[in-house]
Amino acid sequence: MGRPRGFDEEAAVVAAAALFAGRSYDGTSVDDLVGQTGVHRGSLYKTFGSKRGLYLAALRHYVDRELGEQGDLRFLLLAAAERAPVDSEVAAEVTRGIRLLDQGGGEQATTMALGLRIRELAEGKDGGR
């Protein structure tokens, strides 16, 4: 029988999601993730397989639990711009997130919200998010 995990996996995923949303995938190192989550490098690799594996878990958590709650689309937008073009699993999660937004407020409302948020980010008006 294996040893029980010495950390809260969901808490690590939530902490990683916040870091990726603030710094992007490429702007976040494994050392950053270790520092933010408090989980040792070996445990992160054993649980998630790679930085990408943790990123996917964080993105799924964000789409499932946080998207729309906070009104902050930063992580979804970063994923769409940075990783979706080169990673089909990320592209699928971004698509799923957009569909969930569409269901909540209609396609036109989602498109307008995404457009406004992209403009804010481009202009550097991210409100400290």
Side-chain angles (χ1 to χ4, degrees):
M1 196 164 150
R3 248 176 55 190
R5 278 204 181 100
F7 67 94
D8 180 340
E9 188 174 326
E10 185 171 349
V13 168
V14 169
L19 195 58
F20 286 127
R23 295 187 183 176
S24 78
Y25 179 85
D26 288 335
T28 302
S29 70
V30 174
D31 287 338
D32 294 333
L33 291 165
V34 167
Q36 180 80 8
T37 64
V39 178
H40 296 285
R41 180 184 297 263
S43 295
L44 283 177
Y45 281 108
K46 185 175 182 178
T47 303
F48 301 103
S50 64
K51 174 183 162 183
R52 179 184 174 272
L54 178 53
Y55 180 84
L56 284 168
L59 183 59
R60 286 182 185 118
H61 169 84
Y62 169 81
V63 170
D64 289 341
R65 299 200 180 144
E66 296 180 30
L67 186 63
E69 279 183 19
Q70 302 170 0
D72 185 0
L73 301 175
R74 184 178 184 92
F75 193 8
L76 188 68
L77 294 172
L78 284 171
E82 180 186 38
R83 302 298 306 160
V86 296
D87 189 320
S88 62
E89 286 184 89
V90 172
E93 284 302 309
V94 168
T95 299
R96 190 169 69 88
I98 291 170
R99 285 186 182 137
L100 288 171
L101 288 170
D102 286 345
Q103 290 171 2
E107 189 172 335
Q108 186 175 9
T110 300
T111 303
M112 288 175 54
L114 287 171
L116 288 172
R117 188 69 181 118
I118 289 168
R119 188 174 73 205
E120 288 174 356
L121 289 171
E123 293 173 353
K125 299 177 184 176
D126 66 356
R129 294 182 214 177

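Heavy-atom basis, side chains included; hydrogens, waters and symmetry copies ignored. All of these numbers come straight from a predicted model, not from anything done at the bench.
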Is R99 atom CZ crowded by more than 12 heavy atoms from other residues, nucleotides or ligands, each under 6.0 Å away? no
Only pairs at least two apart or in different chains count here, so list each salt bridge (charged side-chain N to carboxylate O under 4.0 Å, His left out) that has a residue in residues 10-22. E10-R65
Could you tell me whether a side-chain N or O of E82 sits under 3.5 Å from a main-chain N or O of D26, the two making a donor and an acceptor? yes
Ring centres under 6.0 Å, that's the criterion: do Y55 and F75 meet it? yes
Are the side chains of V13 and T37 in contact, using a 4.5 Å heavy-atom criterion? no
Compare every heavy atom of G97 with every heavy atom of V63, then report the nearest pair and how far apart it is. CG1-CA, 3.8 Å
Keeping to residues at least two apart or across chains, list the ring pair (Phe, Tyr, Trp, His ring centres under 6.0 Å) pairs with something in residues 27-53. none
Distance, nearest 0.5 Å, that separates CG of L44 from CZ of F7: 6.0 Å
For V90 and A84 the tightest heavy-atom approach is CG1-N, 3.7 Å
Taking the side chain as everything from C-beta on, heavy atoms only, tell me whether L78 gets closer than 4.5 Å to F20. no
Donor-acceptor check, side chain of K51 to backbone of T28, threshold 3.5 angstrom: yes or no? yes
One pair to check against side-chain contact (heavy atoms from CB on, under 4.5 Å): D64 and R96. What are the steps and the verdict? CA-CA 9 Å; D64 289 341; R96 190 169 69 88; 2.7 Å; yes
One should read off an interatomic distance between S29 OG and R23 CZ, to the nearest 0.5 angstrom, of 7.5 Å
Rounded to the nearest 0.5 Å, the CD1 atom of I98 sits from the CD atom of E93 at a distance of 11.5 Å
Determine whether T47 and L54 make a side-chain contact, defined as any pair of heavy atoms from C-beta on separated by less than 4.5 Å. no
Does E89 have any side chain to side chain donor-acceptor pair (under 3.5 Å) partners at least two apart in sequence or in another chain, and if so, which? R52, R60
Do you reckon V14 sits in the same ILVMFWY cluster as V39, going by side-chain contacts under 4.5 Å, direct or chained? no
